[in-house]
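Worth saying up front: this structure is predicted, and the values here are computed from it rather than measured. Numbered from 1 within each chain, the chains take letters A, B, ... in sequence-line order.
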Number of protein chains: 2
Amino acid sequence: MDTPLTRKLNNFVRLSAMDEGLIADVLEPPRLVEARVDIVEEGEIPRTVNVILSGWACRYRQFEDGRRQIISLLLPGDCCDPHIPLLDRRDHAIGALTQVSVARIGGSAMAEIMARSPTLSLAFHREALAGAAIQREWTVSLGRRSGAERLAHLFCELHARLRAVSLADETSCPMPLTQPDLADALGQTTVHINRTLQDLRGASLLTLKGRRLTVLDSASLCQLAKFDPLYLHLGASRMASRHALPSGPDRPGVADRLP
Amino acid sequence: MDTPLTRKLNNFVRLSAMDEGLIADVLEPPRLVEARVDIVEEGEIPRTVNVILSGWACRYRQFEDGRRQIISLLLPGDCCDPHIPLLDRRDHAIGALTQVSVARIGGSAMAEIMARSPTLSLAFHREALAGAAIQREWTVSLGRRSGAERLAHLFCELHARLRAVSLADETSCPMPLTQPDLADALGQTTVHINRTLQDLRGASLLTLKGRRLTVLDSASLCQLAKFDPLYLHLGASRMASRHALPSGPDRPGVADRLP
DNA sequence: CGCAGTGTTGATGAAAATCAATCCCTGTGG
DNA sequence: CCACAGGGATTGATTTTCATCAACACTGCG
């Protein structure tokens with residue numbers, strides 16, 4: 001069966017038909033969650049794994065004073081913590097950004113297929129490690145990348161991740177995030193995101209309209225973002241590493257085209 | 001055998017004497033790494049797990065233009081990625097911040113003890129999940145906490161983590177990080193860290209001298225930082241949750257004492 | 001002694017937040 | 001079909017936070 005989950009896991013290990021069958025067996029019937037509704041709430045005791053089948057969600061944390069930080073973005077095929085049932089309580093919430101279809105895998109069913117198929121076990125482990133690597137990259141972005149670099153980097157990442165589950169073409173992909181969403185993901189304000197976005201458009205790096213992102217100048221965008229797809233661990237084979245900056249700090253540089 | 005590693009894992013599950021013995025058996029003889037030297041380098045193919053026995057290290061990433069971001073801090077008892085041998089190549093480096101003593105566990109030995117002892121397997125898994133949770137919290141800090149909040153939060157976290165391995169007392173702990181280190185961890189400049197530090201000292205929240213941090217007003221520090229130790233998943237039992245903000249956005253607030 | 005890394009200070013400028021209006025879609029109900 | 005509501009996008013003016021630049025003091029150490 002071809003689901004975003006199997007497509008994603010196939011980036012990490014080649015799954016056998018039997019593996020895919022095992023997954024299909026344990027995936028409970030999906031439920032729909034409307035945009036802005038929580039899929040799981042903070043403080044819950046985790047018992048099941050949730051898999052995103054369609055739509056976008058995010059982990060987030062909100063302070064009492066209203067400040068919100070999106071901690072990570074969950075795209076189709078992503079599973080919310082394959083191993084989370086091991087922990088005590090959830091320290092963050094997961095919310096739907098668009099309408100989302102999620103399927104659960106019971107904690108014990110999960111343990112069972114991991115025990116049954118070493119390949120699946122490896123796949124889920126790698127999925128988790130890749131997720132951790134993405135989280136580290138976000139730390140780098142928030143800590144040391146400028147506004148324009150952050151935005152560019154996020155777009156590069158999302159495009160690559162969507163390609164890995166066949167939801168993007170060579171130069172464009174869906175982009176349902178609103179500017180407030182982008183602001184909360186990148187630790188900035190919507191006003192500032194808006195202006196940075198205009199800079200990127202002005203430099204002819206991309207267009208963004210109708211909830212769709214089109215990358216006009218991939219090489220420059222990657223270079224500006226210092227985007228190196230290695231951290232996604234999606235398997236060198238299919239990664240368009242062609243734009244991975246061949247380094248050399250001294251090149252024309254898009255930065256000149258930005259204000 | 002009592003090592004920082006077993007002390008740390010005991011926060012997640014109670015290890016049997018046999019489990020501790022298994023660990024002792026697979027820990028290779030430690031090696032010393034001097035401050036500012038890499039323990040593992042970016043791009044390496046991971047084969048072994050490294051455990052910090054003493055000293056502090058960090059994951060970090062450095063751009064060609066000199067900007068450096070410390071991605072996470074590794075304290076005694078922390079292991080650098082118990083499951084990392086599953087991935088292709090390292091996307092970041094790990095460097096020693098002080099002189100560090102590290103012991104390796106061979107990849108196959110690791111797999112073997114995990115297979116042999118379900119308790120150990122669970123412990124290492126939880127260790128990894130707790131590490132991921134810390135990484136998420138850093139994302140929140142870098143994205144939405146102000147300079148003073150960030151610094152306060154980091155100090156709260158480090159103090160709690162050190163307590164979990166019996167390296168801190170009730171109100172103080174070693175703090176070998178230099179101001180440049182703090183700056184690279186918190187995504188700011190050393191000048192700004194210096195000034196923020198003065199604010200925290202000025203508000204009588206802490207003292208920091210001779211590479212030792214002393215918390216003078218733990219409740220206020222936690223409140224300022226919005227520090228909730230839940231995310232460390234160190235086991236409710238021993239966590240000093242007493243200062244976990246009982247919430248209520250309307251209280252005196254230390255913030256008033258800061259400039 | 002002198003050096004290097006660290007900590008500190010002041011002056012200045014850039015990046016981003018904040019405040020406050022619009023404007024513009026898009027879906028909804030009359 | 002149109003008016004309306006509401007979220008999203010955009011703009012300008014202003015303030016705050018933080019970075020940058022440039023000294024200089026302190027400390028441990030060869």
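In summary, B:Arg68 and B:Asp181 engage in a salt bridge, as defined by a charged side-chain N under 4.0 Å from a carboxylate O. The existence of a salt bridge linking A:Arg145 and A:Glu137 is confirmed by a sub-4.0 Å separation between a basic side-chain nitrogen and an acidic carboxylate oxygen. A salt bridge links B:Asp78 to B:Arg161: at least one charged side-chain nitrogen sits closer than 4.0 Å to a carboxylate oxygen. Between A:Glu149 and A:Arg144, no side-chain nitrogen of the basic residue sits less than 4.0 Å from a carboxylate oxygen of the acidic one, so the salt-bridge criterion is not met. Using a 4.0 Å cut-off between a side-chain N of Lys or Arg and a carboxylate O of Asp or Glu, B:Arg67 and B:Asp184 do not qualify as a salt bridge. Ionic pairing of A:Glu42 and A:Arg59 is not present here: no N-O contact between side-chain nitrogen and carboxylate oxygen is shorter than 4.0 angstrom.
A:Arg150 comes within 4.0 angstrom of no nucleic acid atom, judged by non-hydrogen atoms across all strands. B:Arg201 comes within 4.0 angstrom of the backbone, heavy atoms only, and of no base. In this structure, B:Arg36 reaches the sugar-phosphate backbone alone: every heavy-atom distance under 4.0 Å involves primed, P, OP1 or OP2 atoms, never a base.
The aromatic ring centres of A:Tyr231 and A:His153 sit less than 6.0 Å apart.
Remark: B:Leu73 CG to B:Leu177 CG distance equals 5.5 Å, nearest 0.5 Å.
In terms of modelled atom types and a separation under 3.5 Å, the side chain of B:Arg104 and the main chain of B:Thr48 share no donor-acceptor contact. Side chain of A:Asp38 to main chain of A:Glu41: no donor-acceptor pair is present (N/O by atom type, distance under 3.5 Å, no hydrogens or angles).
Contacts between chain A and DNA chain C, taken as any atom within less than 4.0 angstrom of a protein heavy atom, begin and end at C:dA16 to C:dC19. Along DNA chain D, the stretch of nucleotides lying under 4.0 Å from any heavy atom of chain A spans, 5' to 3', D:dG7 to D:dA13.
Contacts between residues 186-196 of chain B and DNA chain C, counted as heavy-atom distances below 4.0 Å, involve B:Val191, B:Asn194, B:Arg195.
Checking B:Asp181 against B:Arg144, the closest nucleotide of DNA chain C that is more toward the 5' end is the one next to B:Asp181.
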